[in-house]
K.L.:
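I'd like to ask some things about the structure below.
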Amino acid sequence: MGKKTVYPVVLTPEKDGGFCVHVPDFDCDTQGNDLADALFMAEDAISMMGLCKQDDNEPLPKPSNINSIKAKGNEMKTLVTVDFDDYRRRHENRGVRKTLYVPSWLNAQAEDAGVNFSATLQEALKAKLGVEAV
């Protein structure tokens with residue numbers, strides 16, 4: 001797991017029981033059907049925008065102090081925890097082609113046994129690195 005960061009958000013209740021969510025540090029908005037969904041959507045929005053910034057070699061915004069965030073009327077302020085590295089690992093499963101060499105006798109035995117080289121290599125790398133399956 002990577003480094004966790006906490007960003008403030010402002011939740012505005014809607015008439016239908018849902019919530020609008022504003023993320024000041026990323027200047028973005030999202031919404032949820034209830035409080036739990038709204039907080040999940042806030043984490044998702046912050047994580048996605050953070051990865052886009054990282055991919056564009058832009059710095060991540062420094063989290064604001066929640067006390068500097070203004071809330072009006074029935075709005076609520078709270079904090080949302082994100083882990084950009086974990087989010088990337090869970091959501092970026094694109095394949096990467098690798099060339100590898102094994103002795104011909106081992107290749108022949110593996111092919112005869114119907115071994116899936118890609119799956120076997122993934123399992124071995126996860127075990128070697130102590131990474132849980134995603």
K.L.:
Would you check if the side chain of Asp56 reaches a backbone N or O of Glu58 as a donor-acceptor pair within less than 3.5 Å?
P.N.:
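No, because the side chain of Asp56 does not come within donor-acceptor range (under 3.5 Å) of the backbone of Glu58.
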K.L.:
Decide yes or no for Asp83 and Arg89: does some side-chain heavy atom of the first lie under 4.5 Å from some side-chain heavy atom of the second?
P.N.:
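Not touching, per the 4.5 Å side-chain cut-off.
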K.L.:
Look at atom CZ of Phe40 and say whether more than 12 heavy atoms of other residues, nucleotides or ligands are closer to it than 6.0 Å.
P.N.:
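Result for CZ/Phe40: open.
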K.L.:
So, the side chain of Asp25 versus the backbone of Ser64: is there a donor-acceptor pair under 3.5 Å, distance only?
P.N.:
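Yes, because the side chain of Asp25 sits within donor-acceptor range (under 3.5 Å) of the backbone of Ser64.
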K.L.:
To the nearest 0.5 Å, what is the distance between OG (Ser47) and CZ (Arg90)?
P.N.:
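Reported value, rounded in 0.5 Å steps: 7.0 Å.
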K.L.:
Please tell me if the side chains of Asp37 and Phe19 come closer than 4.5 Å, counting only heavy atoms from C-beta onward.
P.N.:
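Result no, sub-4.5 Å side-chain heavy-atom pair not found.
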K.L.:
Check the surroundings of atom CG in Asn107: do more than 12 heavy atoms from other residues, nucleotides or ligands lie under 6.0 Å from it?
P.N.:
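Correct, the count exceeds 12.
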K.L.:
Would you compute the distance between atom CE of Met48 and atom NE2 of His91 and round it to the nearest 0.5 angstrom?
P.N.:
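It is 8.5 Å, given to the nearest 0.5 Å.
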K.L.:
Between Tyr7 and Ala42, is there a donor-acceptor pair closer than 3.5 Å when you use the side chain of the first and the backbone of the second?
P.N.:
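Judged by distance alone, no pair lies under 3.5 Å.
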K.L.:
Are the side chains of Leu51 and Phe84 in contact, using a 4.5 Å heavy-atom criterion?
P.N.:
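In contact.
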K.L.:
Do Asp44 and Thr30 come within less than 4.5 Å of each other through their side chains, counting heavy atoms only?
P.N.:
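Not in contact.
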K.L.:
Can you check whether Ile46 reaches Tyr87 side chain to side chain, under 4.5 Å on heavy atoms?
P.N.:
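Side chain of Ile46 against side chain of Tyr87, heavy atoms only: no contact under 4.5 Å found.
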K.L.:
Measure the shortest side-chain to side-chain distance between His22 and Val9 over non-hydrogen atoms and say whether it is less than 4.5 angstrom.
P.N.:
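A side-chain contact under 4.5 Å is absent here.
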K.L.:
Looking at Thr120, is its backbone amide N or carbonyl O close enough to the side chain of Glu123 to form a donor-acceptor pair, meaning the two atoms are under 3.5 Å apart?
P.N.:
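Pair absent, no side-chain N/O of Glu123 close to backbone of Thr120.
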K.L.:
Do Glu43 and Leu39 have side-chain heavy atoms sitting under 4.5 Å apart?
P.N.:
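No - every pair of side-chain heavy atoms lies 4.5 Å or more apart.
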K.L.:
Is there a side-chain contact between Asp29 and Val23 (heavy atoms, below 4.5 Å)?
P.N.:
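Of all side-chain heavy-atom pairs linking Val23 with Asp29, none is under 4.5 Å.
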K.L.:
For the side chain of Lys77 and the backbone of Lys70, is there at least one donor-acceptor N/O pair under 3.5 Å apart?
P.N.:
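No; zero donor-acceptor contacts below 3.5 Å.
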K.L.:
Compute whether any side-chain donor of one residue and acceptor of the other, for Gln122 and Ser118, lie under 3.5 angstrom apart.
P.N.:
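Result is yes, a qualifying pair exists.
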K.L.:
Before you tell me yes or no, could you show the steps for Asp85 and Lys4 under salt bridge (charged side-chain N to carboxylate O under 4.0 Å, His left out), namely the whole-Å CA-CA distance, both residues' side-chain angles and the distance that decides it to 0.1 Å?
P.N.:
CA-CA 9 Å; Asp85 294 337; Lys4 293 183 180 184; over 6 Å; no
